[in-house]
Protein chains: 2
Amino acid sequence: MKRTLQHIEYREDTEELARFAKALGHPTRIAILRHLESQACCFTGDLVDVFPLAQSTVSQHLKELKNAGLIQGEVKPPKVRYCINQENWNKAKILFNSLFNHTRSYSLDTKQSEDKHADKTN
Amino acid sequence: MKRTLQHIEYREDTEELARFAKALGHPTRIAILRHLESQACCFTGDLVDVFPLAQSTVSQHLKELKNAGLIQGEVKPPKVRYCINQENWNKAKILFNSLFNHTRSYSLDTKQSEDKHADKTN
DNA sequence: ATTTATTATCGCAAATGTACGATGAATGAT
DNA sequence: ATCATTCATCGTACATTTGCGATAATAAAT
């Protein structure tokens with residue numbers, strides 16, 4: 001693998017934002033998080049019932065969300081109750097916010113540039 | 001591949017949010033977007049100078065960002081000037097906002113649950 | 001001690017992602 | 001017409017992701 005040569009070191013918040021984004025980069029995981037937001041918490045089995053996916057697949061998505069820090073699991077034998085990890089959820093919220101709200105003053109008067117740029121490279 | 005059996009149809013905004021998130025799921029692409037935000041627009045070559053990556057690699061990341069709709073390119077031969085696609089950037093901003101701000105009233109009084117849940121499953 | 005319920009993990013297969021160098025395409029300049 | 005510049009695309013190699021079924025792990029209940 002040639003990528004070993006190039007493991008760029010980015011700012012920590014850049015890495016962290018990318019990790020969060022990556023975890024959010026699958027519709028099933030977005031849906032799981034939406035579910036957790038609306039239901040407060042729920043068990044793995046509840047999610048398996050909601051999504052037409054194998055239990056192992058749901059479990060794997062939960063693992064990824066947990067590894068990214070977006071959710072946390074509490075063992076209630078023989079079940080596991082998953083909830084959003086509020087601390088990291090807030091962190092992610094702040095990071096995404098700062099990405100999208102790096103306000104650029106001219107962004108309000110660039111109507112003409114939007115027209116000009118349209119599909120020139122497609 | 002067995003996944004062919006399971007191509008779940010999600011709500012369109014779920015799919016779209018996941019697409020945006022996926023495009024943001026790599027630190028180089030976050031850094032490119034940050035650069036575009038601060039510099040307004042810039043040419044491919046400028047980015048190649050900034051990142052210690054092959055030109056083809058940078059080009060590939062730009063392609064993904066363009067496919068996701070987050071940036072757009074304007075041909076200025078022999079260069080190409082890339083800018084953030086404000087329309088979709090706003091759309092993404094709104095989608096991420098709605099994900100993170102599905103306010104849950106009890107989220108302010110769950111101090112004890114945060115303590116209880118801590119690392120039970122690791 | 002065995003059984004039951006629930007979930008995580010393993011191993012597999014296919015697809016996708018990430019990096020590179022080499023090549024091709026487009027346009028302006030000579 | 002040829003050359004130089006810039007960028008996209010192709011082909012390759014390896015890693016990671018995503019899905020599944022099968023199996024292991026855990027703890028309560030019998």
Side-chain angles (χ1 to χ4, degrees), chain A residues 1-10 15 18-19 21-32 41-68 71-83 119-122, chain B residues 1-10 15 18-19 21-32 41-68 71-83 119-122:
Chain A
M1 192 199 186
K2 302 151 195 169
R3 269 125 67 225
T4 313
L5 304 169
Q6 292 300 356
H7 188 227
I8 304 178
E9 287 297 323
Y10 291 97
E15 300 268 13
R19 271 197 304 274
K22 194 172 184 183
L24 296 174
H26 193 287
T28 296
R29 293 195 287 270
I30 296 280
I32 287 174
C41 295
C42 72
F43 299 105
T44 306
D46 301 337
L47 295 167
V48 174
D49 293 341
V50 169
F51 299 100
L53 292 167
Q55 179 264 324
S56 59
T57 303
V58 172
S59 195
Q60 210 170 327
H61 282 304
L62 288 169
K63 186 184 177 182
E64 275 191 60
L65 288 171
K66 202 176 73 171
N67 285 345
I71 65 173
Q72 60 198 165
E74 178 190 12
V75 178
K76 290 254 192 185
K79 301 188 177 184
V80 178
R81 185 213 293 276
Y82 282 101
C83 311
D119 283 26
K120 279 279 183 65
T121 51
N122 290 327
Chain B
M1 190 201 188
K2 302 150 194 170
R3 266 125 69 225
T4 313
L5 304 170
Q6 292 299 356
H7 188 226
I8 304 178
E9 286 296 322
Y10 291 96
E15 300 268 12
R19 270 197 304 276
K22 195 173 183 180
L24 296 174
H26 193 287
T28 296
R29 292 195 289 270
I30 297 279
I32 287 174
C41 295
C42 72
F43 299 106
T44 306
D46 301 337
L47 295 167
V48 174
D49 293 340
V50 170
F51 299 99
L53 292 168
Q55 179 263 324
S56 59
T57 303
V58 172
S59 195
Q60 210 170 323
H61 282 303
L62 288 169
K63 185 184 178 182
E64 276 192 60
L65 288 170
K66 203 177 72 171
N67 286 344
I71 65 173
Q72 62 198 165
E74 179 191 12
V75 178
K76 291 255 191 184
K79 300 187 177 186
V80 177
R81 186 212 295 273
Y82 282 100
C83 311
D119 282 25
K120 278 280 184 62
T121 51
N122 289 327

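Here is the naming used below: chain letters follow the sequence lines, and residue numbers restart at 1 for every chain. Being a predicted model, the structure only gives us computed values, none of them experimental.
In the set dT18(C), dT9(D), dA27(D), dT18(C) carries the atom at the smallest distance from any side-chain atom of His26(B). Side-chain atoms of Ser59(A) lie closest to dT9(C) of the nucleotides dA19(C), dT9(C), dA27(D). Of the candidate nucleotides dG28(C), dG21(C), dA8(C), dA8(C) has the atom lying nearest to any side-chain atom of Thr44(A). Of the candidate nucleotides dG19(D), dT7(C), dA19(C), dA19(C) has the atom nearest to the side chain of His61(B).
Whole-Å rounding puts the Leu47(B) CG to dA8(D) P distance at 10 Å. Per the geometry, CD1 belonging to Ile8(A) stands 10 Å off C1' belonging to dA19(C), to the nearest Å. The CD1 atom of Ile32(A) sits 13 Å away from the C1' atom of dT18(D) (whole-angstrom rounding). Rounded to an integer number of Å, the gap from Arg19(B) CZ to dT16(C) P is 15 Å. In this structure, Gln60(A) atom CD and dA15(C) atom C1' are separated by 14 Å, rounded to whole Å. Between the CD atom of Glu64(B) and the P atom of dA19(C) there is a distance of 10 Å, rounded to whole Å. Here the C1' atom of nucleotide dC7(D) and the CG atom of Leu53(B) are 16 Å apart, to the nearest Å. Rounded to an integer number of Å, the gap from Tyr10(B) OH to dT18(D) P is 11 Å.
One finds no side-chain N or O of Arg81(B) lying less than 4.0 angstrom from the OP1 or OP2 phosphate oxygen of dC7(D). Within the 4.0 Å cut-off from OP1 or OP2 of dT6(D), not a single side-chain nitrogen or oxygen of Tyr82(B) is found. Contact between the side-chain N/O atoms of Lys79(B) and the OP1/OP2 oxygens of dT27(C) is not found at any separation under 4.0 Å. Regarding contacts with the backbone of dT7(C), every side-chain N or O of Ser56(A) stays at 4.0 angstrom or more from both OP1 and OP2. Distances shown here put a side-chain N or O of Lys22(A) below 4.0 Å from the OP1 or OP2 atom of dT17(D).
Atoms CD and CZ, from Gln72(A) and Arg81(A) in turn, are 11.5 Å apart once rounded to the nearest 0.5 Å. Within the model, atoms OH of Tyr82(A) and SG of Cys41(A) stand 12.0 Å from one another, a figure rounded to the nearest 0.5 Å.
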Does the side-chain contact (heavy atoms from CB on, under 4.5 Å) test come out yes or no for Val50(A) and Asp46(A), once each step is laid out?
-> CA-CA 6 Å; Val50(A) 169; Asp46(A) 301 337; 5.6 Å; no
Given side-chain contact (heavy atoms from CB on, under 4.5 Å), test Val48(A) with Phe43(A) step by step and report yes or no.
-> CA-CA 9 Å; Val48(A) 174; Phe43(A) 299 105; over 6 Å; no
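Inter-residue side-chain proximity for Ile8(B) and Pro52(A) is flagged as met; some heavy-atom pair is nearer than 4.5 Å.
Along DNA chain D, the nucleotide nearest to Leu62(B) and the one nearest to Gln55(A) differ in position, and the one closer to the 5' end is contacted by Leu62(B). For the pair Thr57(A) and Pro78(A), nearest-nucleotide mapping onto DNA chain C gives the more 5' position to Pro78(A). Annotation: of the two residues near DNA chain C, Pro77(B) and Arg29(B), the 5′-most nearest-nucleotide partner is Arg29(B).
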